Amino acid sequence: MEKDIDRILFTDRELIERVKELAAQIAACYPDEDTGLILVPILSGSIIFLADLIRHLPMKMKLGLITVSSYAGPTTESTGPSIVMDLKVDICDQHVLIVDDILDTGKTLRFVGDRLAARNPRSIRTAVLLRKPDKAPPDVTADFVGFEIADEFVVGYGLDYDDHYRNLPHIAVLKADCY
Ligand code: 5GP
Ligand code: MG
C-alpha cells in the first residue's frame, strides 16, 4: 500500500494535532455539558476523523450514523450523493454536528444538511477535516475546518479510492498509475 503513495500531505502526527485543536474549538462552541449534542458522521470516509475527534471532546454526546455514497467503483469522478443508510436517531430539538472527511463541491453537505434540517434540530453545524478551494457554492460552508488542500484526489485516514487506502495513517496523493 505504501508503495502506491506519491506524496504525503499530512502525517499521522500532524493530523492528530490538528484534530485536537478542532476538538477544542468545537468544545468551546458547546460549553454546556448537557447540550444534547448529536454527532452525525457521514460514513464511510469520516470514520477515522470521527474516532480521533470524539476522544478529544469532553461533553456528553450521541452518535447518529448516516452512510452516503458519491463515487461508484474505481473512479475519482463524483456521481453526486445518494443515501445508502439513513439516520435512525431522533434529532428533533437537538444540537447536531455533521462530521465529514472532505468538503469538495459541497453536494454531500448540502444533501445531508437539507435532510437533517427537515427533522427540526435545534441547530446544525458542520466539521470537516479537509476542504478543497472554491468549488462549493458560498452558502455551503463548514463551521470547523482542519486543513485547506489543493484540488487533487487524496486518500488515507478514512478516505478511499475504490474502497481501498482508508487504513493509511496519513493523508496522501497516490501515484498516477494507481487511479
Ligand atoms: P462533495 O459532495 O463535497 O463534492 O464531496 C464530498 C464527498 O466526496 C466526501 O465526503 C468524500 O467522500 C468524497 N471526496 C471528495 N473529494 C475527495 C478526495 O479527494 N478523496 C476522496 N477519497 N474522497 C473525496
Ligand atoms: Mg464522504
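On a predicted model such as this, the values are computed, not experimentally measured, just so you know. When a residue number appears, it is its place in the shown sequence, counting from 1.
Not counting sequence neighbours, the partners of Asp143 by the side-chain contact (heavy atoms from CB on, under 4.5 Å) test are Arg125, Thr126. Not a single side-chain hydrogen bond (donor to acceptor under 3.5 Å, both in side chains) links Lys62 to another residue, sequence neighbours left out. Under the side-chain hydrogen bond (donor to acceptor under 3.5 Å, both in side chains) criterion, Asp134 pairs with no residue, sequence neighbours left out. Glu77 pairs by the salt bridge (Lys or Arg N to Asp or Glu O under 4.0 Å) definition with nothing, not counting sequence neighbours. Residues that satisfy the side-chain contact (heavy atoms from CB on, under 4.5 Å) test with Lys107, not counting sequence neighbours, are Pro81, Thr105. Take Asp4 and apply the side-chain hydrogen bond (donor to acceptor under 3.5 Å, both in side chains) test, not counting sequence neighbours, and it matches Tyr165. Qualifying side-chain hydrogen bond (donor to acceptor under 3.5 Å, both in side chains) partners for Tyr161, counting only residues two or more places apart in sequence or in other chains: none. Evaluation of the side-chain contact (heavy atoms from CB on, under 4.5 Å) rule for Glu17 yields Lys20 as partners, not counting sequence neighbours. The side-chain contact (heavy atoms from CB on, under 4.5 Å) test applied to Arg18 returns Glu21, Leu22, Gln25, Phe147, not counting sequence neighbours.
Atom CG of Leu109 is separated from atom CD1 of Ile124 by 10.5 Å, given to the nearest 0.5 angstrom. Summarising the geometry, atom CG belonging to Leu53 is positioned 9.0 Å from atom CD1 belonging to Ile16; distances are rounded to the nearest 0.5 Å. One distance of note links SG of Cys178 with NZ of Lys3; it measures 6.5 Å at 0.5 Å rounding. Rounding to the nearest 0.5 Å gives a distance of 7.5 Å between CD1 of Ile102 and CD1 of Ile171. A distance of 9.5 Å separates CG of Leu130 from CD of Glu148, quoted to the nearest 0.5 Å. Rounding to the nearest 0.5 angstrom, the gap separating the CG atom in Leu50 from the CG atom in Asp100 is 11.0 Å.
Between Arg166 and Ile48, the closest side-chain pair of non-hydrogen atoms is not below 4.5 Å. Side-chain contact between Ile83 and Val68: present, with at least one pair of heavy atoms (C-beta onward) separated by less than 4.5 Å.
A pairwise comparison of heavy atoms in Ala142 and Val145 identifies CB-CG2, 3.8 Å as the closest pair. In this structure, Pro133 and Ile149 approach most closely via the heavy-atom pair CD-O, 2.9 Å. Asp160 approaches Asp162 most closely through the heavy-atom pair OD2-N, 3.6 Å. Of all heavy-atom pairs spanning Pro41 and Gly64, the tightest one is CD-O, 3.3 Å. When all heavy atoms of Arg110 and Pro137 are compared, the pair lying nearest together is NH2-CG, 3.3 Å. Taking each heavy atom of Ile5 and Ala172 in turn, the nearest pair found is CG2-CB, 3.9 Å.
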Could you check Met61 against Leu97 for side chain to side chain contact (heavy atoms under 4.5 Å, CB included), going step by step and ending with a plain yes or no? CA-CA 10 Å; Met61 71 173 65; Leu97 178 65; over 6 Å; no
Should Leu65 and Thr67 be marked as a side chain to side chain contact (heavy atoms under 4.5 Å, CB included) after you check the CA-CA gap, both sets of side-chain angles, and the distance that decides it? CA-CA 7 Å; Leu65 308 181; Thr67 307; 5.7 Å; no
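Under the 4.5 Å side-chain contact rule for hydrophobic residues, Val84 and Ile98 do not share a cluster.
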Can you list, pair by pair, the side-chain donor-acceptor contacts under 3.5 Å of residues 111-120, counting residues two or more places apart and other chains?
residue, atom, partner, partner atom, Å
Arg115, NH2, Asp86, OD2, 2.7
Arg119, NH1, Leu87, O, 3.3

Donor-acceptor pairs under 3.5 Å, side chain of residues 151-159 to any protein atom, not counting sequence neighbours: which ones?
residue, atom, partner, partner atom, Å
Asp151, OD1, Lys135, NZ, 3.2
Glu152, OE1, Arg7, NH2, 2.8
Glu152, OE2, Arg7, NH2, 3.2
Tyr157, OH, Asp52, OD2, 2.6

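Listed by first and then second residue, the side-chain hydrogen bond (donor to acceptor under 3.5 Å, both in side chains) pairs that reach into residues 169-179 are Glu2-His170, sequence neighbours excluded.
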